[in-house]
Amino acid sequence: MSKKLTSRAEDYSKWYNELVVKADLAENSAVRGCMVIKPYGYAIWEKMQGELDRMFKETGHQNAYFPLFVPKSLFEAEEKNAEGFAKECAVVTHYRLQNDPDKPGKLRVDPEARLEEELVVRPTSEAIIWNTYKGWIQSYRDLPLLINQWANVVRWEMRTRLFLRTAEFLWQEGHTAHETKGEALDEAKLMNNVYATFVENFMAIPVVQGVKSESERFAGADETYCIEALMQDGKALQAGTSHFLGQNFAKAFDVKFTSKEGKQDYVWATSWGVSTRLMGALIMTHSDDQGLVLPPNLAPNQVVIVPIYKSDEQLEQITEVVNDMMKSLRSKHITVKFDNRTTHRPGAKFAQHELQGVPLRIAIGPKDLENGTVELARRDTLTKETVPLSDITDKVEGLMGEIQEALFNKALKYRNDHITEVENFEEFKTVLEEKGGFVSAHWDGTIETEDKIKEITKATIRCLPLEGELENGVCVYSGKASERRVLFAKAY
């Protein structure tokens, strides 16, 4: 297969789909709408998972695991949550197959093996978790309960795209219980901050923190905090959400605790999650027409070393030097790969590692050994320089931070250049069609206006920014009074 990608300018969607497949990140599976995450793609996800897991544990959370299947009666217990996910649910009705008497060699569902109660394949785990929490929480001494799980969920999407929207995806979901409303609100805000810190510091993606409008809020939540990012095509992507659930699930599942004063009350709850959708955000924020561009903090291999040689003797000499180089780099906690495959020529290796976004590439051949130098190539700028072999560890160590910062600043400039304030609906539509990005506009606060704007422009309210100041104005659509601007955008 040709490694050349469709250009972003020509067809952004096609470019994205080709890059995911050609960079060996993921591919479509035999199950409609489901993906196979390949080893290189999974290695990036593992880096994300590892950093997030560390951050969760540093904030006092513990990991647990809950069942994939949710009895339908439990799923129905919190009405808004059930209604919100009902159309995306896969449901198990039978538990056995049998030989088909009419079609030799084929199987059919055993009609006698129907479940007494249908099981929903979890689209999210609030129902099964809160039913469990009822047995875990009796007293204020059991609170706060701070639990996270790493899991897969199923949401039966009709239109899918690798990483961005699949019928099954990987994620983490935190579910916490608290004594007071204030503690639960603080938890929801804390975890939204954790997500923002991770996405900015590790993924090098700037985000806007905010709260969702009522119609965009998580089903069953009183408030949804979010982080919103902007992709290179001017569309927004919701990178993470943290929900203040009030006492809705506690009341639905009768989860009460005895307070210090001996009174019974319902606990206060949160839930929060990010998913493999972050892989899509990473790809679309930094990558170019040559392939993937990875920030060093998440690259499975931060450095790749490619030997240039004509004989086995030359390879042996290069390998001896490279072994010392790798030992030195690894002592600085830099991940490095020596690509000494004999089945590929150096040019093919260069192309592969460029396509897969390795931040730094070192080439070393016989002349380099004579001169005591190596060739160092940066993936983000596609520039090369000759570096003394004696300086290579310090040089690489310095470039790790420099590249990480450069990628963030480039994305931040694009994001900031694509936040546009508008005063009327004509401006609103023009900016959306001709420039894209976030449109900062006054909104009258009604669902009717929000729905009408979405119907006309396909743009949704991405968030009410937390840093946004109150500002009297008039709604761009209805002309009614407005107290603040919100961010609209077309989104993934």
Sequence neighbours excluded, which residues qualify as ring-ring contact (aromatic ring centres under 6.0 Å, His included) partners of Phe163? none
Between side-chain atoms of residues 342-351 and protein atoms elsewhere (two or more places apart, or another chain), which donor-acceptor pairs fall under 3.5 Å?
from   : atom 1 : to     : atom 2 : distance (Å)
Lys349 : NZ     : Asp339 : O      : 2.9
Lys349 : NZ     : Arg341 : O      : 2.8

In chain order, what residues pass the side-chain contact (heavy atoms from CB on, under 4.5 Å) check against Ser275, with sequence neighbours excluded? Phe169, Trp171, Arg277
With Arg54, which residues qualify under side chain to side chain donor-acceptor pair (under 3.5 Å), at least two apart? Glu51, Glu58
Who passes side-chain contact (heavy atoms from CB on, under 4.5 Å) against Ser125, sequence neighbours left out? Arg122, Ile128, Ile129, Gln149, Glu173, His175
Using the salt bridge (charged side-chain N to carboxylate O under 4.0 Å, His left out) rule, collect all pairs that involve residues 212-222, keeping only residues at least two apart or in two chains. Lys212-Glu228, Arg217-Glu223
Return the set of residues passing side chain to side chain donor-acceptor pair (under 3.5 Å) with Trp272 (not counting sequence neighbours), or none when no residue passes. Glu187, Thr270
Contacts of Phe202 meeting ring-ring contact (aromatic ring centres under 6.0 Å, His included) (sequence neighbours excluded), chain-then-number -> Phe198
So, using side chain to side chain donor-acceptor pair (under 3.5 Å) as the criterion, who are the partners of Glu200 when residues are at least two apart? none
Testing the basics here: between Ala167 and Trp156, what is the closest heavy-atom pair and its distance to 0.1 Å? CB-CE3, 4.3 Å
Kindly write out the residues that satisfy ring-ring contact (aromatic ring centres under 6.0 Å, His included) with Phe338, not counting sequence neighbours, or none if the list is empty. none
Sequence-distant partners of Lys106, side-chain contact (heavy atoms from CB on, under 4.5 Å), two or more places apart: Asp100, Lys103
If a pair satisfies salt bridge (charged side-chain N to carboxylate O under 4.0 Å, His left out) and one of its residues is in residues 398-409, list it, with sequence neighbours excluded. Arg378-Glu402
